[in-house]
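Structure first, commentary second.
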2 protein chains.
Amino acid sequence: MDNSPEGLLRSHGLSVTAQRLTVLQTITDYPHITADQAAEVARKKIGAISRQSVYDTLNTLVEKGLARRIQPMDSPALFEDRVGDNHHHLVCRSCGIVEDVDCSTGYRPCLQASDDNNFIIDEAEVTYWGLCPKCQPKSTKSQAKQTPTRKAKS
Amino acid sequence: MDNSPEGLLRSHGLSVTAQRLTVLQTITDYPHITADQAAEVARKKIGAISRQSVYDTLNTLVEKGLARRIQPMDSPALFEDRVGDNHHHLVCRSCGIVEDVDCSTGYRPCLQASDDNNFIIDEAEVTYWGLCPKCQPKSTKSQAKQTPTRKAKS
DNA sequence: ATCATTATTTGGACATAGTCCAAAATTGTG
DNA sequence: CACAATTTTGGACTATGTCCAAATAATGAT
């Protein structure tokens, strides 16, 4: 019933602290944020929070199923509060921006591997790689002037 | 025409060195190996090789398309020499072992995301998560006795 | 409201994976 | 063979994250 952030924490057996509320709010405001970026944002909101506390909180939220961690190659872990729907991600090879994408085939796409090697599969994680609109070479214009926040491959 | 490891390196504009040959051989022998493990193996073969050299070689091989790098969550980068077929991977959540799986739908599976957010998508990377045969709880027997080489989630 | 208990937070040290850099060694070339 | 270009080496450094014990804050019971 209680859908507030406080209720969410309590219903998962967690005590309510300013740090947790702030970190929770932060990943809601900025999905796909890194731990260190989240710490920065949180500090602006409540003045001070230790790095360790941000890591702890994020790990706890993931454990309790209140947050999801993804980790595209060449990127530190990213956190988002969209959970429970097994959506996928689209990552720009140039600037690293991440967008959500829904499952293409409706539900649990690709969960049947062609040969499961006798594994018990519980999740198919799909990462689409490409170039975001901003990083795409513009038709005739020069394509050299970008400000990559991430090392471009190749 | 020259299909030897030496020819492979030369045809990609790389000079042939003992270090490169050894690292190349190593990822062929041990697909899904980490850089540090590859260094260990390589040292057994040729006596000595610097850590940096292994990293350099692996990066070069990936750049030249002679190797592929994958990076499952909570794992250092893994290297394999199977390239050019965009196959996928099956990862055990308990012991971390990685197996190859072919594309379920034949070619470029899932490459059509439901909504591409105007990205130009060039690859769909699929990681299947689950439990390998060895790590699966056996029917009625105790399920506590495993030797996890990787921190189990939960 | 206050106290005791338990959970959380903090800061500092540590670990791991990987990169940067300049000097030394090796490879390919004329 | 000798020279130029490439590669290798080792040491310092960076980034991301974890471990630990002490200090602090939150919760539950008076």
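The sequence lines fix the lettering, A, B, ..., with proteins before strands; numbering per chain opens at 1.
Between the CD atom of E6(B) and the P atom of dG28(C) there is a distance of 10 Å, rounded to whole Å. Remark: P of dT6(C) and CG of L14(A) are 18 Å apart, rounded to the nearest angstrom. Between I46(A) atom CD1 and dT8(C) atom C1' the separation is 13 Å, expressed in whole Å. Distance, R69(A) CZ to dT18(D) C1': 12 Å, rounded to whole Å. Between the CG atom of D56(B) and the P atom of dC20(C) there is a distance of 10 Å, rounded to whole Å. Straight-line distance from the CE atom of M73(B) to the P atom of dT16(D): 16 Å, rounded to whole Å. Note: CD (Q19(A)) to P (dA26(D)) measures 8 Å, nearest angstrom. Whole-Å rounding puts the L9(A) CG to dT8(C) C1' distance at 12 Å.
Listed pair R10(B) / dG28(C) meets the phosphate criterion, a side-chain N or O lying under 4.0 Å from OP1 or OP2. Put simply, S15(B) has no side-chain N or O that comes within less than 4.0 Å of OP1 or OP2 on dT27(C). Between dT10(C) and S53(A), a contact under 4.0 Å exists linking OP1 or OP2 to a side-chain N or O. In this structure, T17(A) reaches the dT9(C) phosphate: one of its side-chain N or O atoms is under 4.0 Å from OP1 or OP2.
Among the atoms of the strands shown, base atoms are found under 4.0 Å from some heavy atom of Q52(A). The residue A18(A) sits apart from the nucleic acid: no heavy atom pair falls under 4.0 Å.
Taking every side-chain heavy atom of Q71(A) into account, dG17(D) is the closest of dT10(C), dG17(D), dT9(D). Looking at the side chain of Y55(B), the nearest of the listed nucleotides dT9(C), dG18(C), dT9(D) is dG18(C). Residue I49(A) places its side chain closer to dT10(C) than to any other of dT8(D), dG18(C), dT10(C). In the set dT9(C), dT19(C), dT9(D), the nucleotide with an atom closest to the side chain of N59(B) is dT19(C).
D100(A) and H89(A) share a side-chain donor-acceptor pair at under 3.5 Å. Looking at H32(A) and Q37(A), their side chains never bring a donor and an acceptor atom within 3.5 Å of each other. Side-chain atoms of E63(B) and H12(B) include no donor-acceptor pair closer than 3.5 Å.
Comparing L78(B) and V16(B) by the nucleotide of DNA chain C that holds the closest heavy atom to each, the one mapping nearer the 5' end is L78(B). For the pair A77(B) and G13(A), nearest-nucleotide mapping onto DNA chain C gives the more 5' position to G13(A).
Interface remark: the R20(A) side chain does not form any donor-acceptor pair with the dT9(C) base, using a distance-only criterion of under 3.5 Å. The base of dG10(D) does not come close enough to the side chain of R51(B) for any donor and acceptor atom to sit less than 3.5 Å apart.
Here D102(A) pairs with R82(A) in a salt bridge; the nearest charged N to carboxylate O distance falls below 4.0 Å. A salt bridge links R93(B) with D122(A); the closest basic N to acidic carboxylate O contact falls under 4.0 Å.
Judged purely by atom type and a 3.5 angstrom limit, Q136(B) uses its side chain to pair as donor or acceptor with the backbone of N118(A).
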